[in-house]
Engineer: 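Input: one structure, supplied below.
Each ligand, and each atom within it, is numbered from 1 in the order the structure gives.
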Amino acid sequence: MITKIPANLSSGLLPVELFDCLPVAVYTCDHLGYLTFYNKAAADLWGREPELGKELWCGSWKIFWPDGTPMALDSCPMARALKEGLPVIDEEIIIQCPDGTMKNLLPSPVPLFDQLGVLQGAVNTLLDITEQRQGEKKQAMLAAIIEYSEDAIVSKGLDGLITSWNQGAEKLFGYTEKEVLGKHISLLIPKDRLDEENLIIDRVRNNKNIEHFETVRITKNGQSVPISLTVSPIRDQKGRIIGASKIARDISMQKQSEAQLQKLYDDIQIMNSRKDEFIGMASHELKTPVTSIDAFLQLVQRSLKLEDKDKELVFKARNQVAKLISLISDLLDVTKIQTGKLPYTFTSFDFNDLLKEVIEVMQQNHPGHEINLDHPAGMLNVYADKQRLEQVIINLVSNAIKYAPNTNKMRVAVLEAQHRLQLSVQDFGPGIELPEQEHIFSRFYQIKKPSGNASGLGIGLYISKEIIDRHQGKIWVESSPGKGSTFSFELPLQLQN
Ligand code: ADP
């Protein structure tokens with residue numbers, strides 16, 4: 001690569017190879033400015049190998065001033081050192097290599113004269129300061145981010161003395177940088193929280209961060225301000241922990257919204273329990289007169305010799321009163337579930353017996369419907385509340401009648417497996433959309449109101465779920481629109497000794 005040794009360097013003391021070993025880029029020009037020599041480090045820096053004796057002043061592909069504007073070749077530091085016969089010191093340039101890489105260089109061209117003082121040429125060393133400049137740029141950017149951050153960013157030594165303070169800190173705590181530098185951080189800590197500082201410093205010493213720690217600090221005018229604090233250790237160049245940086249965010253607004261939300265939630269809870277109380281009280285108050293009406297109607301039915309037409313009327317009236325009683329007792333059940341007071345009486349009995357009885361009565365009450373019952377032979381012993389299970393079966397069968405008006409058929413089936421029984425009530429009605437299926441076991445949830453004479457408040461399935469849950473069972477629905485619905489529950493069988 002090196003084709004010619006400049007006369008003033010060829011005294012025999014410095015072999016050319018020696019320059020190639022140097023990590024610093026070095027090159028020379030003759031008195032006219034033509035390149036006469038460069039070492040390997042210079043070629044690496046330029047990203048090219050300029051032609052000796054033909055190229056002038058510099059081997060760079062392109063040169064720029066530090067502000068990025070192009071620099072004419074004859075204005076480069078080497079050209080000026082030769083023209084003026086003086087070294088050029090501390091004038092930074094930017095070069096571009098043929099592959100597009102930009103580099104920051106610090107050239108130091110020095111003119112060389114012979115013993116008579118006649119200019120022979122010049123030697124130039126090039127220092128690559130790209131990394132240093134990029135580091136400085138990054139530092140400046142980080143400093144700007146810290147300075148203009150909305151958050152308070154503060155640093156302190158392990159002794160707790162404040163070492164830096166940004167504008168955000170000034171805005172949040174009211175002190176200027178001048179007022180707090182060198183002061184102890186406890187200046188900001190309320191008296192009853194002074195222990196926090198020891199805990200924070202302990203964590204920092206053990207190289208641990210503190211993230212989003214919610215606490216309170218005191219401003220210059222003595223006001224308490226809720227903040228979220230993030231603290232991380234600061235290290236020196238050798239990696240030793242020398243202090244901590246703190247980022248404090250004002251969370252007063254957030255705390256206010258949280259308090260408002262909490263108040264809203266509490267108000268809703270109060271209104272909700274008042275509503276539950278009202279439902280409980282109203283249904284209780286309704287139950288006595290309605291039960292009395294039913295008793296009177298029963299007397300009328302028994303004791304009076306009525307015409308057929310009037311008998312029919314009393315029968316209809318009793319039917320309506322029965323519906324009213326059933327609605328009221330459902331409402332009372334809901335209130336009791338809410339307060340955890342729904343009573344249960346557990347006994348051992350055969351589930352098959354109960355099921356057959358219930359279906360028989362349902363079949364008699366709904367002669368127009370065909371209820372197909374399918375159950376295994378033998379006994380299915382359960383330890384359960386008979387009345388409550390009856391309530392669940394009646395609810396599922398009544399729903400299959402109420403909500404599948406297009407058909408008069410349904411199938412009730414029982415399966416036994418792995419010490420559990422499963423009862424399914426299948427109808428061939430309109431079915432239930434998937435999103436609705438998730439909600440139908442919730443309180444007061446109705447997809448649509450029952451049509452015709454049927455009644456409902458959207459609580460039957462809610463009560464059924466509560467009852468089955470209390471029996472360590474589960475209840476669910478399988479349905480697809482147009483293909484009917486199957487409601488099932490599963491219960492543990494009583495183990496026989
Ligand atoms: P309600 O007590 O008013 O009858 P449920 O809690 O028993 O209410 O049922 C909740 C909702 O689920 C009802 O509004 C009804 O739309 C729907 N539903 C219940 N059973 C069926 C069914 N077999 N077919 C279609 N929809 C049903």
Engineer: Which of the atoms of ligand 1 are close to Ile447, meaning less than 4.0 Å from one of its heavy atoms?
Structural biologist: 14 (O), 16 (O), 17 (C)

Engineer: Can Ser245 and Ser155 be counted as having a side-chain donor-acceptor contact under 3.5 angstrom?
Structural biologist: no

Engineer: List the steps and the verdict of side chain to side chain donor-acceptor pair (under 3.5 Å) for Asp333 and Gln391.
Structural biologist: CA-CA 11 Å; Asp333 281 352; Gln391 192 177 348; 2.8 Å; yes

Engineer: Any atom of ligand 1 sitting under 4.0 Å from a heavy atom of Ser485?
Structural biologist: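 Right, Ser485 reaches ligand 1.
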
Engineer: Would you mind running through ligand 1 and noting each atom that sits below 4.0 Å from a heavy atom of Asn395?
Structural biologist: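 Result: 7 (O).
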
Engineer: Which ligand 1 atoms, with their elements, are less than 4.0 angstrom from a heavy-atom of Ile440?
Structural biologist: 12 (O)

Engineer: Using a 4.0 Å heavy-atom cut-off, which part of Tyr445 comes near ligand 1: side chain, backbone, both, or neither?
Structural biologist: backbone

Engineer: Taking distance alone, with no angle check, do Tyr462 and ligand 1 share an N/O pair under 3.5 Å?
Structural biologist: no

Engineer: Between Arg217 and Glu196, is there a salt bridge with N-O shorter than 4.0 Å?
Structural biologist: yes

Engineer: Would one find an N or O of Leu457, backbone or side chain, under 3.5 Å from an N or O of ligand 1?
Structural biologist: yes

Engineer: Using 30° and 60° as the class boundaries, would you call the ring planes of Tyr344 and His471 parallel, tilted or perpendicular?
Structural biologist: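 Correct class here is perpendicular.
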
Engineer: Got a donor-acceptor contact below 3.5 angstrom from the His184 side chain to the Asp159 backbone?
Structural biologist: yes

Engineer: For ligand 1, which atoms, with element, lie under 4.0 Å from some heavy atom of Gly460?
Structural biologist: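 That gives atoms 2 (O), 5 (P), 6 (O), 7 (O) of ligand 1.
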
Engineer: Anything under 30° is parallel, anything over 60° is perpendicular, the rest tilted; go ahead and classify Phe173 against Trp165.
Structural biologist: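 Geometry flag for Trp165 against Phe173: tilted rings.
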
Engineer: I need the Ser228 OG to Arg249 CZ distance, nearest 0.5 Å.
Structural biologist: 7.0 Å

Engineer: Taking only heavy atoms of Ile459, which atoms of ligand 1 are found under 4.0 Å from at least one of them?
Structural biologist: 2 (O), 6 (O), 8 (O)

Engineer: Between Asp374 and Val412, is there a side-chain heavy-atom distance shorter than 4.5 Å?
Structural biologist: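 In short, these two side chains do not touch, never coming nearer than 4.5 Å.
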
Engineer: Considering only heavy atoms, which of Phe444, Tyr403, Phe487 lies nearest to atom 15 (C) of ligand 1?
Structural biologist: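 When every heavy atom of Phe444, Tyr403, Phe487 is considered, Tyr403 comes closest to atom 15 (C) of ligand 1.
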
Engineer: Is there a heavy atom of Ala404 sitting under 4.0 angstrom from any atom of ligand 1?
Structural biologist: no

Engineer: Heavy atom under 4.0 Å from ligand 1: found in Lys402's side chain, backbone, both, or neither?
Structural biologist: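 For Lys402, the contact with ligand 1 is made by the side chain alone.
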
Engineer: Other residues, nucleotides and ligands only: do more than 12 of their heavy atoms fall within 6.0 Å of OH on Tyr265?
Structural biologist: no

Engineer: For ligand 1, does Asp427 get within less than 4.0 Å through its side chain, its backbone, both, or neither, judged by non-hydrogen atoms?
Structural biologist: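 The answer is the side chain of Asp427.
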
Engineer: Is it the side chain, the backbone, both or neither of Ile432 that has a heavy atom closer than 4.0 Å to ligand 1?
Structural biologist: side chain

